[in-house]
> 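I'd like to ask some things about the structure below.
Everything numeric here is computed off the predicted structure, so don't read it as measured data.
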Amino acid sequence: MKLPQIGDWTDFAGLARLQQDRLPAVLAAAERSPFYRKRGVAPLPEQPLTTKQDLRDAYPFGMLATDRADLATYHESSGSSGDATASYYTEADWTDLAERFARKWVGITAADTMMVRTPYALMITGHLAHAAARRHGATVVPADNRSLATPYSRVVRLLHDLDITLTWSLPTDTLLWAAAARVAGYRDFPALRALFVGGEPLGAARKARIARVWGVPVVEEYGATETGSLAGECEHGTMHLWADRALFEVQDPATGELTPAGRGRLVVTPLFREAMPLLRYAIEDEVEVSYPECPCGWHLPAVRVLGRTAFAAGGLTQLGLEELVFGLPEEYGVWFWRARADGDRLRLQIEVADRWRADAAGALAGAIRGAYPGIDVHVAPVPAGGLVPFGLLTAQAEVMKPRGLFGPDEDWDTALRYY
């Protein structure tokens, strides 16, 4: 199975032809899945959406379109929007997954050492970056962020001592590393050349702050365990959907209408998926999709990921709040925040040095009232360590194994706690 490469088409019309040429094989693959055999497979414009609930109802292998013996890996989502969903991939699927992830404008090469700081668990994220890095010859440092073996103090030591050049993590993690490095006394990481981030909404203001803190480009990725990478950035900062590997539509939540562009909920039909074909999969993220002529020349649609449903009155979203927090003057040093919405009331805390407490709280409250006039907001500044405890930044590695025999002064309640 030959996978398209960027440059195989020269305009958006060529991209559309590539998608349409691939659709018959996609529909044929779906007919081999028990779920779609029962539902029926129609031409894509007539095909109903596949929902997360459909995937849950088909657990574990109701979506499988190949023999079990052909599977390479099995995964489950994080369950952030309900019960987890199952997904599975063949070796050929993994070639597609790794290629898409590796479409980073800064490149991944054999000269790189890449720290993977996302879960090596049922979710796909850590395995995906690991596979992409190894495919391109890079050395991988598997610093799983769900393990007590790699606390923040160890992460910054590895970043410094191993001359790590690339990282893959949540955007928030990069600020936590910076805080941990400051506490530990590390002042420079000269080998680092880019931070790969994904897994949460990232506004322009926070992205720019992270880039300034570390002095390297921040390269954003967008995807899901059920689909793998769906979009990535070009060198001009545009997030492009990988529309040569999946067909994308936008659903108007009010009318249900599906269109190639606009604002609404993203709908995905992977074009090269053996184990688990998905027809019009409703991924539940709100996005804006457009077709600009980007200077990069990729001729791929652009996407802005807006996240999930608003939490409170007046259109309040996490991304919108984040833009205001990181729009504060940089000298205030506000990196960490949290908010609780209750109807039209909002309580927000920011971690800020004492000298800037009043200024930061006043400026942020004013910015929120200006952006969301219907919100009754209260901003409470907390001192350094109030949201991110110093103990979290300085904790040492804790590797626990099963143990039965203890000395007289040891805590034998830990006998079977090896997780």
Side-chain angles (χ1 to χ4, degrees), residues 1 3 19 22-101 119 121-128 131 199 222-231 241-251 256 258 265-285 287 308:
M1 179 172 60
L3 296 168
Q19 294 172 332
R22 184 61 193 167
L23 273 179
V26 173
L27 299 178
E31 288 176 339
R32 295 191 286 272
S33 156
F35 172 81
Y36 287 113
R37 274 202 306 271
K38 182 177 180 180
R39 169 172 284 191
V41 175
L44 204 63
E46 303 166 21
Q47 185 71 30
L49 298 186
T50 303
T51 66
K52 287 185 183 288
Q53 190 57 51
D54 290 331
L55 268 57
R56 295 179 187 118
D57 292 343
Y59 170 86
F61 291 111
M63 306 295 295
L64 182 63
T66 64
D67 291 337
R68 286 278 297 275
D70 294 329
L71 292 185
T73 60
Y74 171 93
H75 301 273
E76 292 185 3
S77 67
S78 62
S80 60
S81 59
D83 292 339
T85 58
S87 57
Y88 13 91
Y89 298 93
T90 65
E91 284 295 337
D93 290 334
W94 266 102
T95 298
D96 176 34
L97 289 169
E99 278 194 8
R100 279 184 277 148
F101 184 92
L122 281 173
M123 290 175 282
I124 198 173
T125 172
H127 309 283
L128 177 56
Y222 169 61
T225 289
E226 304 97 306
T227 61
S229 175
L230 295 174
L241 290 167
W242 303 135
D244 61 320
R245 302 291 179 87
L247 192 150
F248 296 95
E249 300 171 278
V250 180
Q251 184 191 39
L258 290 158
R265 292 174 184 156
L266 190 64
V267 175
V268 183
T269 300
L271 295 174
F272 297 89
R273 184 79 177 269
E274 288 186 340
M276 187 177 162
L278 292 171
L279 302 180
R280 287 188 148 181
Y281 177 54
I283 207 165
E284 295 184 357
D285 283 333
V287 298
R308 299 280 166 86

> Taking the side chain as everything from C-beta on, heavy atoms only, tell me whether L23 gets closer than 4.5 Å to L271.
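Yes. Closest side-chain heavy atoms under 4.5 Å.
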> Just to verify, what does T95 make a side-chain hydrogen bond (donor to acceptor under 3.5 Å, both in side chains) with, not counting sequence neighbours?
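Once residues adjacent in sequence are excluded, T95 has no partner under the side-chain hydrogen bond (donor to acceptor under 3.5 Å, both in side chains) criterion.
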> Side chain of H127, backbone of P119: donor and acceptor closer than 3.5 Å?
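Not at all, since once roles are kept as given, no pair shorter than 3.5 Å links the two residues.
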> Identify the two heavy atoms, one from A121 and one from H75, that lie closest to each other, and give their separation to 0.1 Å.
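For A121 versus H75, the nearest heavy atoms are O-ND1, 4.4 Å.
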> Roughly how far, to the nearest 0.5 Å, is OG1 of T269 from CG of L278?
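Here the rounded value is 8.0 Å.
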> Could you tell me which non-hydrogen atom of P270 sits nearest to which non-hydrogen atom of A246, and how far apart they are?
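Where P270 meets A246 most closely, the heavy atoms are CA-CB, 3.9 Å.
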> Could you pull out all residues at least two apart from E226 that satisfy salt bridge (Lys or Arg N to Asp or Glu O under 4.0 Å)?
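Checked E226 against salt bridge (Lys or Arg N to Asp or Glu O under 4.0 Å); matches are K52.
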> Between atom CG of L71 and atom CG of D93, what is the distance when rounded to the nearest 0.5 Å?
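Reported to 0.5 Å precision, the distance equals 9.0 Å.
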> What heavy-atom pair brings L128 and G228 nearest, and what distance separates the two atoms?
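Reported closest heavy-atom pair: CD2-CA, 4.5 Å.
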> Mind checking what makes side-chain hydrogen bond (donor to acceptor under 3.5 Å, both in side chains) contact with T225, not counting sequence neighbours?
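Not a single residue meets the side-chain hydrogen bond (donor to acceptor under 3.5 Å, both in side chains) criterion with T225.
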> Is there a side-chain contact between R265 and I283, using heavy atoms and a 4.5 Å cut-off?
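No, their side chains stay 4.5 Å or more apart.
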> Applying ring pair (Phe, Tyr, Trp, His ring centres under 6.0 Å), name anything that partners Y36, two or more places apart in sequence or on another chain.
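Partners of Y36 by the ring pair (Phe, Tyr, Trp, His ring centres under 6.0 Å) criterion come out as none, since no residue qualifies.
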> Starting at CE of M123, measure out to CD of E76 and round the result to the nearest 0.5 Å.
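These two atoms lie 10.5 Å from each other.
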> Does D96 have any salt bridge (Lys or Arg N to Asp or Glu O under 4.0 Å) partners at least two apart in sequence or in another chain, and if so, which?
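Here the qualifying residues are R100, R245.
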> Using 0.5 Å steps for rounding, measure from the CZ atom of R273 to the OH atom of Y281.
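If we round to the nearest 0.5 Å, R273:CZ and Y281:OH are 9.5 Å apart.
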> Is the shortest side-chain heavy-atom distance between R280 and Q251 below 4.5 Å?
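Not in contact.
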> What's the shortest heavy-atom distance between A86 and L55, and which atoms?
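Closest pair (atom of A86, atom of L55, distance): O-CD2, 4.5 Å.
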> Taking T73 as the fixed residue, which of Y88, Y89, W94 is the one that meets the side chain to side chain donor-acceptor pair (under 3.5 Å) rule?
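Per the side chain to side chain donor-acceptor pair (under 3.5 Å) rule, the option paired with T73 is W94, out of Y88, Y89, W94.
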> Below 4.5 Å, heavy atoms only, C-beta onward: do L279 and R39 meet side chain to side chain?
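They are not in contact (no side-chain heavy atoms under 4.5 Å apart), so the answer is no.
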> Give a yes or no on whether the backbone of R32 and the side-chain of R37 come within a donor-acceptor separation of less than 3.5 Å.
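Yes; at least one donor-acceptor contact below 3.5 Å.
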> Within the 4.5 Å heavy-atom criterion, are L3 and E99 side-chain neighbours or not?
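Yes; the side chains approach each other to less than 4.5 Å.
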> Taking the side chain as C-beta and beyond, is there a heavy-atom pair between L258 and L49 under 4.5 Å?
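Yes, at least one pair of side-chain atoms sits under 4.5 Å.
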> Do V250 and F248 come close enough that some side-chain heavy atom pair is under 4.5 Å?
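The answer is no; the side chains never approach within 4.5 Å.
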> Taking the side chain as every heavy atom from C-beta outward, state whether I124 and L97 have any pair of such atoms under 4.5 Å apart.
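They are in contact (side-chain heavy atoms under 4.5 Å apart), so the answer is yes.
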> S33 and A65: which non-hydrogen atoms are nearest, and at how many Å?
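Where S33 meets A65 most closely, the heavy atoms are N-CB, 4.1 Å.
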> Strictly distance-based, threshold 3.5 Å: is any side-chain N or O of S77 a donor or acceptor partner for the main-chain N or O of T85?
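Yes; judged by distance alone, with no hydrogens or angles, the pair exists.
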> Under 3.5 Å, side-chain donor or acceptor atoms of residues 57-64 against the rest of the protein: list the pairs with distances, not counting sequence neighbours.
| residue | atom | partner | partner atom | Å |
| --- | --- | --- | --- | --- |
| D57 | OD1 | Q53 | NE2 | 2.8 |

> Which value, rounded to the nearest 0.5 Å, describes the distance between T66 atom OG1 and M276 atom CE?
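If I round to the nearest 0.5 Å, the distance is 11.5 Å.
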> Got a second to check how far W242's CH2 is from F101's CZ, nearest 0.5 Å?
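Those atoms lie 11.0 Å apart.
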